[in-house]
Amino acid sequence: MSKIEHEQQTAQADAAASNGSAERPPLPELLAVRRAKARQLLPPGETQFPYSYPDTKPIQEVHEHFAHLAAGEETEDLRRVAGRLAARRGQGKAAFMDLVDRSGRIQLHARLDVLGEEAFSRLLQIDLGDLLGVQGVVMRSNRGELSLRIDDYRVLAKSLRPPPDKHHGLADVETRYRQRELDLMSSEETRQVFIDRARIVSAVRSHLDQRGFIEVETPVLQPLYGGALARPFTTHHNALDRTLYLRIATELYLKRCIVGGLERVYELGKDFRNEGISTKHNPEFTMVEWYEAYADYLHEATRTEELVADVARAVSYSGELDCSSPWRRIGFVEAVQEASGIDIMAHHDAPSLAAAIAASEAVAASGLSIDTEGASWPQLADDLLSKFVEPQLRQPTFIIDYPLELSPFARAHRSKPGLAERWEAFAGGMEIANAFSELNDPDIQRERFEAQRRLADAGDEETQPYDQLFLEALEHGMPPTGGVGLGIDRLVMLLTGRSTIREVVLFPAMRT
RNA sequence: GGGCCGUUAGCUCAAUUGGCAGAGCAGGGGCCUCUUAAGCCCAAGGUUGUUGGUUCGAUUCCAACACGGCCCA
């Protein structure tokens, strides 16, 4: 066997295993019955998989247009709708059914005297879960339910497998994530989350578009990763015979666009980080980063406040977060001191800070532990913030002016020694955005890369690789620039009230 | 990585101090022309996550593993 054939077979075996296709339990009777019924019930000359069903209206539109109809009132208006059969209530010579499309649910009323013997009995035997197109007159039942009295219908696609429980839907969270199609078809709430997600993404784009930003697309496959402190996924380009990395951020390429004179750019897309999975982390996630020439980090704080408020309006957000400007702003050093009693700038090296942590009554009283063993000063400072401050930040808050050592791409603070012009935004107890006055002095940037290299040599696995092409770009002159990275998944979590990222990612990463 | 919890019919859930595993819905056969978790009658549906162990007997007790959830790292 050639090497390529072997690789292909291995890949196929992996794919089969990861789909679980080899071990799916069959549903022999249920499938066979549905298959047989489908064939039996097909009128002569019809296919159970027609190519189209034109001239339908969204169900919600029918509801809106006939909202005024009184109970028992009938019209002569014909409407066509299409969707999935969700419920059926037989009556012998009449029946009610519920049809669901992306916009809502509507009741269908089938009557023997309208449809005739054959069409009526065929309709009654259509399986729950089948896709159905119907045409009928609009009426409201005596009990007040808007309905279509069917005078014509067509099976649009056969469902061979039974749908989830018509009332309870899918309760097993594992199945909801692994077979999201079943979750979507049975839960209007789930559908709404992903509709809201789309509106959020769309609102972010339009907010930036309206302010003179252009959307750009930079490489996902990168010869060198950078722009964040994270471990990358590694892959291989066969023709070039070289290692490539899936991007962990878009930062460095976007700044090269700024050097090139595009002045206001953004990119909204997937980043990949080869790290743990948690309620706040998926290995691939969506981020928007924007960069703006001639602006600094405080200008970007205001822009971020406005953008988030605008996006919240776009989904009619009515939760507990107050997104209106200005958000609370507190210094990194002050926030840590307030929460832990430790002045990190007064203990500006690892042994001294470790000693201060060990001596802190607030730390001891909190029951939280900080692992000081072998930790660098920046790691300790970051740990203090993420353990003592971050979980308390429910309302939108900017933590501003980070220690310089934590921020290899941010400019030194114009007036506060040892700090960088950087903020992170928090809400709902988690980080949602990160911004700098971007470092544009190539010589200082070179020193920062060299410092990162020293950390890597000392065993730190999350460091910035030395990026010569980026340095050369800076040497051509980058204007003063403000840049922001905003996590879309987390923003969606906040605005849809979900507590785990898996609820806002259609197909989250799962084992096997 | 650690701790705790979970995994039973297609779906939603019961039950077992260790002794033939039960409902509702869905599916099958009937009845029913304003129902909406429709209703009524009948029949069917199970390797109780996997592999071992203890036991006369394990779905139940024990161990390991797999997958998932929550909390911690």
Side-chain angles (χ1 to χ4, degrees), chain A residues 17-20 22-38 40-41 69-74 84-100 104-117 120-121 123-130 139-150 159-179 182-183 185-187 275-281 366-373 375 379 383 386-387 391 429 499-503 508-512:
Chain A
S18 66
N19 280 332
E23 52 197 277
R24 298 288 299 170
L27 319 166
E29 300 92 355
L30 292 173
L31 277 172
V33 165
R34 281 178 169 245
R35 227 180 259 281
K37 257 171 76 182
Q40 219 172 52
L41 291 169
L69 275 193
E73 197 176 344
E74 310 208 351
R84 199 179 282 277
L85 188 61
R88 180 177 43 230
R89 298 174 288 282
Q91 289 283 327
K93 298 190 175 63
F96 295 93
M97 302 187 288
D98 292 341
L99 196 73
V100 171
R105 172 183 287 245
I106 195 166
Q107 176 167 272
L108 309 175
H109 191 197
R111 293 173 51 146
L112 176 63
D113 54 4
V114 175
L115 286 165
E117 192 85 42
F120 181 76
S121 85
L123 178 62
L124 280 200
Q125 293 184 71
I126 288 171
D127 286 313
L128 295 192
D130 285 358
M139 53 165 285
R140 195 176 290 279
S141 74
N142 294 341
R143 298 284 186 86
E145 185 77 35
L146 192 77
S147 311
L148 290 186
R149 178 171 297 140
I150 306 175
S159 168
L160 293 175
R161 288 179 180 270
D165 187 280
K166 67 177 179 181
H167 178 62
H168 300 94
L170 263 188
D172 181 54
V173 290
E174 186 175 351
T175 310
R176 289 184 46 237
Y177 299 154
R178 287 186 193 273
Q179 294 178 260
L182 301 181
D183 184 25
M185 80 172 66
S186 61
S187 166
E275 293 170 350
I277 294 174
S278 80
T279 52
K280 291 173 189 141
H281 300 87
S366 70
L368 298 170
S369 70
I370 302 259
D371 184 11
T372 56
E373 184 78 26
Q379 284 167 342
D383 219 19
S386 56
K387 287 215 175 100
S499 56
T500 92
I501 196 170
R502 287 181 158 185
E503 291 291 345
M510 304 286 282
R511 243 176 242 272
T512 70

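Because only heavy atoms are used, hydrogens play no part in the values below, and waters and symmetry mates are left out as well, while side chains stay in. A note on names: the letters A, B, ... follow the listed sequences, proteins ahead of strands, and every chain is numbered from 1.
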Q) Any N or O donor-acceptor pair linking the side chain of A/Asp127 to the base of B/rG27 at under 3.5 Å? A) no
Q | For B/rC34, the Watson-Crick or wobble partner whose two distances fall under 3.5 Å | A | none
Q) A/Ile150 and A/Ala110: which non-hydrogen atoms are nearest, and at how many Å? A) CD1-CB, 4.3 Å
Q) At under 4.0 Å between heavy atoms, what does A/Arg149 touch on the DNA or RNA strands: base, sugar-phosphate, or nothing? A) base
Q) Which base sits across from B/rG57 as a Watson-Crick or G-U pair, both distances under 3.5 Å? A) none
Q | side-chain hydrogen bond (donor to acceptor under 3.5 Å, both in side chains) partner of A/Asp98, the single match among A/Arg84, A/Lys166, A/Arg89 | A | A/Arg89
Q: Considering only atom P, compute the distance from B/rC5 to B/rC61 and round it to an integer number of Å.
A: 12 Å
Q: Please give the nucleotide sitting opposite B/rU47 as a Watson-Crick or G-U wobble pair, both distances under 3.5 Å, or none.
A: none
(Q) For B/rG1, give the paired nucleotide (Watson-Crick: N1-N3 plus N6-O4 or O6-N4; G-U: N1-O2 and O6-N3; both under 3.5 Å), or none. (A) B/rC72
Below 3.5 Å between N/O atoms, which protein atoms pair up with nucleotides 64-67 of chain B? Just atom names and distances, please.
| from | atom 1 | to | atom 2 | distance (Å) |
| --- | --- | --- | --- | --- |
| B/rC67 | O3' | A/Arg178 | NH2 | 2.8 |
| B/rC67 | O2' | A/Glu174 | OE1 | 3.2 |
| B/rC67 | O2' | A/Glu174 | OE2 | 2.1 |
| B/rC67 | O2' | A/Arg178 | NH2 | 3.4 |

Q: Give a yes/no on whether any side-chain N or O of A/Arg89 is located under 4.0 angstrom from OP1 or OP2 of B/rU35.
A: no
Q. What are the two closest heavy atoms between A/Leu160 and A/Leu31, and how far apart are they?
A. O-CD2, 3.0 Å
**Q.** Contact under 4.0 Å: A/Lys166 side-chain N or O vs B/rC25 OP1/OP2
**A.** no
Q: Classify the nucleic acid contact of A/Arg502 as base, sugar-phosphate or nothing, counting any heavy atom under 4.0 Å across all strands shown.
A: sugar-phosphate
Q. Looking at B/rU35, does its base get a donor-acceptor pair with the side chain of A/Gln91 below 3.5 Å?
A. no
Q) Looking for any heavy atom pair under 4.0 Å, which part of the strands does A/Gly90 touch: base, sugar-phosphate only, or nothing? A) base
Q. Is there a Watson-Crick or G-U wobble partner for B/rG22 with both distances under 3.5 Å, and if so, which one is it?
A. B/rC13
Q. 5'-most contact on RNA chain B: A/Gly144 or A/Leu124, nearest heavy atom basis?
A. A/Leu124
Q) If each of A/Leu128 and A/Asp113 is mapped to the nucleotide of RNA chain B with the nearest heavy atom, which maps nearer the 5' terminus, i.e. the 5' end? A) A/Leu128
Q. Base, sugar-phosphate alone, or nothing: which one does A/Thr500 contact when heavy atoms must sit under 4.0 Å apart?
A. sugar-phosphate
